[in-house]
Trainee: 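Could you have a look at this structure, given as structure tokens, before my questions?
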There are 2 protein chains.
Amino acid sequence: MTHLSGTNSPSIGPDYIVATYRLVTRDKDLRKRAESIAVGLTVGSWTDLPAARQAQLKPYCGTVGETRILAEHQDGSILAEIEVGYPVRNLTPRIPALLTTVFGKLSMDGDIKLVGLRLPEAFVRQFPGPKFGVAGVRQRLGVEGRPLIMSIFKSCIGMPLDALVEHFTEQALGGVDLIKDDEIFFSEQLATPEARVAAYVRAAERVAGTTGRKVAYAVNLTGPTYELRDRARRLADLGAGALLFNVFAYGLDILQELAADPAIQVPIMAHPAVAGALYAAPRHGIAASIVLGQLLRLAGADIVIYPSPYGSVTLAKEEGAAVLGALRGPSPHKPCLPAPSAGIHPGMVPVLLRDFGTDFIVNAGGAIHGHPGGATAGGQAFVAAVQAAISGRPLREAAQASEPLAQAIARWGVAE
Amino acid sequence: MTHLSGTNSPSIGPDYIVATYRLVTRDKDLRKRAESIAVGLTVGSWTDLPAARQAQLKPYCGTVGETRILAEHQDGSILAEIEVGYPVRNLTPRIPALLTTVFGKLSMDGDIKLVGLRLPEAFVRQFPGPKFGVAGVRQRLGVEGRPLIMSIFKSCIGMPLDALVEHFTEQALGGVDLIKDDEIFFSEQLATPEARVAAYVRAAERVAGTTGRKVAYAVNLTGPTYELRDRARRLADLGAGALLFNVFAYGLDILQELAADPAIQVPIMAHPAVAGALYAAPRHGIAASIVLGQLLRLAGADIVIYPSPYGSVTLAKEEGAAVLGALRGPSPHKPCLPAPSAGIHPGMVPVLLRDFGTDFIVNAGGAIHGHPGGATAGGQAFVAAVQAAISGRPLREAAQASEPLAQAIARWGVAE
């Protein structure tokens, strides 16, 4: 968006966290609003303080950056952006401190959305970031030079362990790299996470005899917060390939704790469940690029599942690009492996490669389980599609040597 | 809202969690949408399953309740409500399981807001709820028959401990019952929470010699998640009167852990920071009554700070009433003590009593520190106002015997 008018202000110094807010207001004195935030959310008051106290508090006081009007509405209100700088010394390097400072009270202050967050590099470096990142996940899974392929359990809840193992095996036989739990799988009545990991590891070993590949299992890390760390270590020791974690249902600080724990030697896969409640509204909440991108990378997700630009549930195109930029753009931290999800079928793989390069996860549910030949054929179709796309061969040509791919294309077509 | 049209469906059984969603859609087949949610967020698929598997999964499958059209828009879209029931056996009694199930993926599914949540009583009973509740907090603080009075620190960040103690003492001398930290106070460079509690407890003892009342201190519980429990116990042992906790910046499950911990014998005060990012949007996110009411009580907040209906930052009147209903309406759990905040001055106390009864906290910042006579006089004005209002005496009459109250009324008036 270009701005209609605004103020140029001295740029905010390097030791400040700079938050950009987009707001709708009738009060056109944006600078005054920004100043009230800058003071109110740091030292509390300013103009009525004695000079000696002002001198003492100056290093802790917020500051105002640019303000700009983006649009003027017919009803007299304006759409505007304001920048506020918060001294980094006010915070500890944890997400709760960051969020409470830049969008604690403010989140309740009418039509206002947090749309940008610039963090000093020294502050960023105090967060763990991903323990494995793209290279680490690839190394653990033994997959180089191509996207990874992940299959999503279609059903988990209500299934006894033997049926789950059968379901797992069917997916594994397709040759996928990863199989992930349903994120809503919390009940432990029929099969605990520990029992699932143990059983699936054995199933994966059996399948490896056929496929030559040992598929990794992303187990849903569930339970009370103070048991998660021990459980994560235990599931890793049992052979879990990754930990699926509902970060936004639990809390970003818990992710940070898990990521920083050297005893948890397994990648963490962040699920976006509940995140839409934070990012999806146009004039409230926090931008998707911050929620699903910046914060997840800071806190240490290795793999990030988020809405693809292809499904019915989508992010706006530029929002999705901003998420991707935050996940793997320049940073002191390792890049996260993106898993854009929804609407993915084998005929989309060339488009996915064009849009995401090779460092991402082809994440599929419906097109695995809805494949005319079943879930095994569904996985095989993706494997064939990825092989073809990587070597630049047209899918329809590759389909001549792969019946599963041919069936998938007959069903869902090839995307342009 | 009355509904224009809808379907009456067999009521959903008692063992289901019933979520009500308000959505804007062009697809008028609401039943189909609800069915797809009911199946998709439980057993995953249904119509294509063999009969034996259907019989097995039936107890785990979601179900559809009422659907109704609330409004038809000129653009052809409708505002509608749908009810979906989720078998309680699918979940564990934890907030992450609840939120991920009823609003995990759905939160990202366009214009949809979670506006209602009916929980089976047996499920509710598995949550801790408030450890102290209204009666427990009253007993600990020795206040009966009148609202409690809380003063909010104006400045915390950047202040050395001696200045903080001075600031605390000034507030305590006014005779308030509680003094709370600024919720943005995370830095420990100048004064750790432990140092503050120790110093303020000594200050409170000194002040008690003058006022006859020992004020309680609500300390901001901060730090990494896996240190919070030990710190909470330590702060309680040091004499903290309450733990201020940024529940939404950390995670509701952490609140549940703290509330359920028998070793933490101190009330928990939930701050709504960041909650606006979840509840404030009209067509996305989760209703305030759920976020600030139902979930906080389930997870075990004893005191809940939330936007009052009086300040510039307000909840819609019916939203505020719904929050209050959730905090202290019928439930197997103890009631929470509400602390409606923003826009509170001494002249409002009779209105507060009319709107909230006696079981609430008069929570004031600006009217304490902005009092013409200073923070001590600010507290005294509130104490005088509460005494007068409780005994049914007009404030202006009471002000004849209280100079601080007279000054407050001259400044802010008396609300009707």
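Order of the sequence lines sets the chain letters (A, B, ...), proteins ahead of strands, with each chain counted from 1. Values below: all heavy atoms of this structure, side chains included; hydrogens, waters and symmetry mates excluded.
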Trainee: Which of residues 156-163 of chain B have a heavy atom under 4.5 Å from any heavy atom of chain A?
Mentor: B:I157, B:G158, B:M159, B:P160, B:A163

Trainee: Is there side-chain contact between A:D253 and B:I254, with heavy atoms separated by less than 4.5 Å?
Mentor: no

Trainee: Tell me, out of B:K58, B:E183, B:H369, who's got the most heavy-atom pairs with chain A below 4.5 Å.
Mentor: B:E183

Trainee: By a 4.5 Å heavy-atom criterion (distance strictly below it), what part of A:N246 contacts chain B: side chain, backbone, both, or neither?
Mentor: side chain

Trainee: Would you mind checking which part of B:L228 comes under 4.5 Å of any heavy atom in chain A, side chain (CB onward), backbone (N, CA, C, O), both or neither?
Mentor: both

Trainee: When rounded to the nearest 0.5 angstrom, what distance separates CE in B:M108 from OH in A:Y306?
Mentor: 12.5 Å

Trainee: Rounded at 0.5 Å granularity, tell me how far NE2 in B:H284 sits from CZ in A:R283.
Mentor: 12.5 Å

Trainee: Evaluate the criterion side-chain hydrogen bond (donor to acceptor under 3.5 Å, both in side chains) for residue pair A:S187 and B:N90; output intermediate values, then yes/no.
Mentor: CA-CA 5 Å; A:S187 169; B:N90 291 3; over 6 Å; no

Trainee: Can you say whether A:T222 sits under 4.5 Å from chain B via the side chain, the backbone, both, or neither, judging by heavy atoms?
Mentor: neither

Trainee: Who among B:G251, B:A288, B:A280, B:P272 has the most heavy-atom pairs with chain A under 4.5 Å?
Mentor: B:A280

Trainee: For the candidates A:L91, A:T101, A:T92, A:T42, which exhibits the highest count of non-hydrogen atom pairs separated by less than 4.5 Å from chain B?
Mentor: A:T42

Trainee: Given B:Y60 and A:L190, is the side chain to side chain contact (heavy atoms under 4.5 Å, CB included) satisfied, shown in steps?
Mentor: CA-CA 12 Å; B:Y60 301 89; A:L190 302 179; 3.6 Å; yes

Trainee: With chain A as the partner, which of B:A273, B:A275, B:G285, B:P59 has the greatest number of non-hydrogen pairs under 4.5 Å?
Mentor: B:A273

Trainee: Taking side chain as everything from C-beta outward and backbone as N, CA, C, O, which of these in A:Q189 sits under 4.5 Å from a heavy atom of chain B? Side chain, backbone, both or neither.
Mentor: side chain

Trainee: Is the backbone of A:T225 close enough, under 3.5 Å, to the side chain of B:Y226 for a donor and an acceptor to pair up by distance?
Mentor: yes

Trainee: Could you report the tightest heavy-atom contact between A:S107 and B:A277, atom names first, then the distance?
Mentor: CB-N, 3.5 Å

Trainee: Is there a side-chain contact between A:L278 and B:F248 in this structure, where contact means two heavy atoms from C-beta onward sitting under 4.5 Å apart?
Mentor: no

Trainee: Which bit of B:D48 is near chain A, if near means a heavy-atom gap under 4.5 Å: side chain, backbone, both or neither?
Mentor: side chain

Trainee: Flag the one option from B:G223, B:S45, B:G44, B:P224 with the top tally of heavy-atom pairs under 4.5 Å to chain A.
Mentor: B:P224

Trainee: Under 4.5 Å from any heavy atom of chain B, what part of A:R89 do you find: side chain, backbone, both or neither?
Mentor: both

Trainee: Can you tell me which portion of B:L57 sits under 4.5 Å from chain A's heavy atoms? Options are side chain, backbone, both or neither.
Mentor: side chain

Trainee: What option among A:G365, A:A260, A:A249, A:P96 has the most heavy-atom pairs under 4.5 Å with chain B?
Mentor: A:P96

Trainee: Quick one: is the NZ or CZ of B:R94 closer than 6.0 Å to the six-membered ring centre of A:F186, and within 45° of its axis?
Mentor: no

Trainee: Counting heavy-atom pairs closer than 4.5 Å to chain A, which one of B:P282, B:S155, B:P87, B:A281 comes out on top?
Mentor: B:A281

Trainee: Is it the side chain or the backbone of A:I112 that comes within 4.5 Å of chain B heavy atoms, both, or neither?
Mentor: neither

Trainee: With heavy-atom distances below 4.5 Å as the criterion, would you say the side chains of B:I184 and A:Y86 are in contact?
Mentor: no

Trainee: Does any backbone or side-chain atom of B:R229 lie under 4.5 Å from a heavy atom of chain A? Answer side chain, backbone, both or neither.
Mentor: both

Trainee: Among A:D182, A:D111, A:V43, which has the most heavy-atom pairs under 4.5 Å with chain B?
Mentor: A:V43

Trainee: Measure distances from B:I152 to the heavy atoms of chain A and classify the residue's part below 4.5 Å as side chain, backbone, both or neither.
Mentor: neither

